[in-house]
Amino acid sequence: PLFITVKYCAGGSVASLVAPEGFEKYNWKDSGGAVIDTLKTLYLPNPVEGATYTCVMTSATGCTVTLKSVIAKYVIKTDFISNMLDCKSNKVQFTNLSTTTHGMLAYKWDFGDGQSSAETSPAYTFASSGMHDVTLFLNNPPSACVDTLVKKIESFSPPLVGIRGDSTYCPGQNIYLKAYGAYDYTWNNGSKKDSVSVGAPGGKFWLLGRSSTGCTSDTIYKKVSMEPDWQFLNYSDTTMCEGERSLLRVSGANWYLWSTGAKTDSISVGSPGIYKVTGANARGCEKFKTFNVVEYPLPDVDFTRSAPVIDKRHNQLTCTIAPQSEVSYLWDMGDGSAETGSTVLHTYTISNAILEYTITLTATSKYGCEKFASQTIEVTPFIPNVFSPNGDGINDVFMPQLDLEVIDRYGTILYKGTEGWDGNYKGRHADPDTYFYLLHYTDKNQKEQIRKGYITLVR
């Protein structure tokens, strides 16, 4: 637009004159014709009202345009009033009382509900009854001065007066019923506030709404009753053994919040202590549960045994543990048999093919806490000094199931094998005598062992 925009508004001490866009050169001159600036915008501190300034503008093609502007302070006074047109339609008439010292006014009404108007004094029907924040925005062309005014405006329509709030309350709690759509209210209990607290035993509530001008709504009713109770069930295990975890689980709610921050129906905890959970149903009624999780220590399983190794001759073993109060002990002796008690005496039936037995102790406290410990006892071959192959079923075979060589005093190998020597050589009884043996076997660590010695044969 080919005019100079002036910005010299109420309360300001500097005027700005802005020339139109699109020119290559600007020459601002005062009333005496002296050039005072060559920019598009001229700033004038403490200007004199009525002073005239000229801007000579030259385009890129050499065309010139000259515009004049007179300094004037634009003082806008924004004001409006309103009145409801009746007690039913919710329609309000606005009357614009705004003025300015210079130029013209352009209007924009914002009715606070997303709707607007550019009319000078519009009539507007609100969608809701009651109080509204209405804003009037003013522009003052050809200046850049603007102003804004916000007022609370009342409208009224009986069908738009009502009560907000839940129709049920949680057991032991109160809810609030809030009135809307009117200037003031009267409840059935005599309260004049816009909201009332409602709890047990509930009931039927009513109110009347009125405008500030005396318009009255119909009687509005709302029935409030107690929300039905709901079950908050507990399936939690609040005891745990040392090193284990405990599962805390509840059900019946629509949402959950634990003291740990979890929002699930269950949590797994590894530390003793107090844990809390809040549950709420679909209505939002809350219930609480508290759990005291207790941790029990594991029993001691450090046992001793009477010997580090056993053999056929020395085949009894004693295992002992210092007894603890209300702790039971179960021994797996490693040969398929079991013992109980804090001290056990066990006799093994030993075969030369067995290299070791693993003894496992299970200790169980009265709280069901279990702990295990195992020890391995080595089985070594027992080599007698004398054997008597006389057919009596006792000591008839020398060292069966092991790699054995038997040699007489002349170096003759009388026997070599793993079935054990029966005292014969080439189908005949060997003479009663002392013989040299060489025994090979593998220990529990899978290492080859050699035993040498003498055996006396008697008949």
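Treat the numbers as computed from the prediction; the structure is a model and nothing was measured. Heavy-atom basis, side chains included; hydrogens, waters and symmetry copies ignored.
- Every pair passing side-chain hydrogen bond (donor to acceptor under 3.5 Å, both in side chains) that includes a residue from residues 448-459 is listed here, sequence neighbours excluded: His429-Arg459, Thr434-Thr456, Thr442-Glu448, Asp443-Gln449.
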Show every donor-acceptor pair shorter than 3.5 Å between a side-chain atom in residues 150-163 and any protein atom, with sequence neighbours excluded, or say none if there are none.
from, atom 1, to, atom 2, distance (Å)
Lys151, NZ, Asp79, OD1, 3.1
Lys151, NZ, Phe80, O, 2.4
Lys152, NZ, Asp133, OD1, 2.9
Glu154, OE1, Ser212, OG, 2.3
Glu154, OE2, Ser212, N, 2.8
Ser155, OG, Asn90, OD1, 2.8
Ser155, OG, Ser128, O, 3.3
Ser155, OG, His132, NE2, 2.7
Ser157, OG, Lys88, O, 2.9

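- Annotation: salt bridge (Lys or Arg N to Asp or Glu O under 4.0 Å) contacts involving residues 341-352, sequence neighbours excluded, are absent.
- Considering only residues two or more places apart in sequence or on other chains, Thr376 meets the side-chain hydrogen bond (donor to acceptor under 3.5 Å, both in side chains) condition with none of them.
- Remark: Asp431 pairs with no residue by the side-chain hydrogen bond (donor to acceptor under 3.5 Å, both in side chains) rule, at least two apart or across chains.
- Each side-chain hydrogen bond (donor to acceptor under 3.5 Å, both in side chains) pair with one or both residues in residues 277-289, not counting sequence neighbours, appears once here: Asp166-Arg283, Thr168-Arg283, Asp229-Lys287.
- In this structure Lys178 satisfies the salt bridge (charged side-chain N to carboxylate O under 4.0 Å, His left out) test together with Asp194, sequence neighbours excluded.
- For Ser217, there are no side-chain hydrogen bond (donor to acceptor under 3.5 Å, both in side chains) partners, not counting sequence neighbours.
- Scored by the side chain to side chain contact (heavy atoms under 4.5 Å, CB included) test, Lys223 finds no partners at all (sequence neighbours excluded).
- Looking only at atom types and distance, the side chain of Tyr221 has no donor-acceptor partner in the side chain of Asn188 under 3.5 Å away.
- With no hydrogens or angles considered, no side-chain donor-acceptor pair links Ser365 and Glu326 at under 3.5 Å.
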Solution key, residues 336-343 side-chain donor-acceptor pairs under 3.5 Å, sequence neighbours excluded:
from, atom 1, to, atom 2, distance (Å)
Ser337, OG, Asp335, OD1, 2.5
Ser337, OG, His346, NE2, 3.2
Glu339, OE2, His346, ND1, 2.9

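- Evaluation of the side-chain hydrogen bond (donor to acceptor under 3.5 Å, both in side chains) rule for Thr412 yields no partner, not counting sequence neighbours.
- Checked against the 6.0 Å centroid criterion, the rings of Tyr437 and Tyr435 do not qualify as a close aromatic pair.
- No side-chain donor-acceptor contact under 3.5 Å links Asp265 and Ser251.
- Note on residues 230-273: pairs passing ring pair (Phe, Tyr, Trp, His ring centres under 6.0 Å), not counting sequence neighbours, are Trp230-Phe232, Trp258-Phe291.
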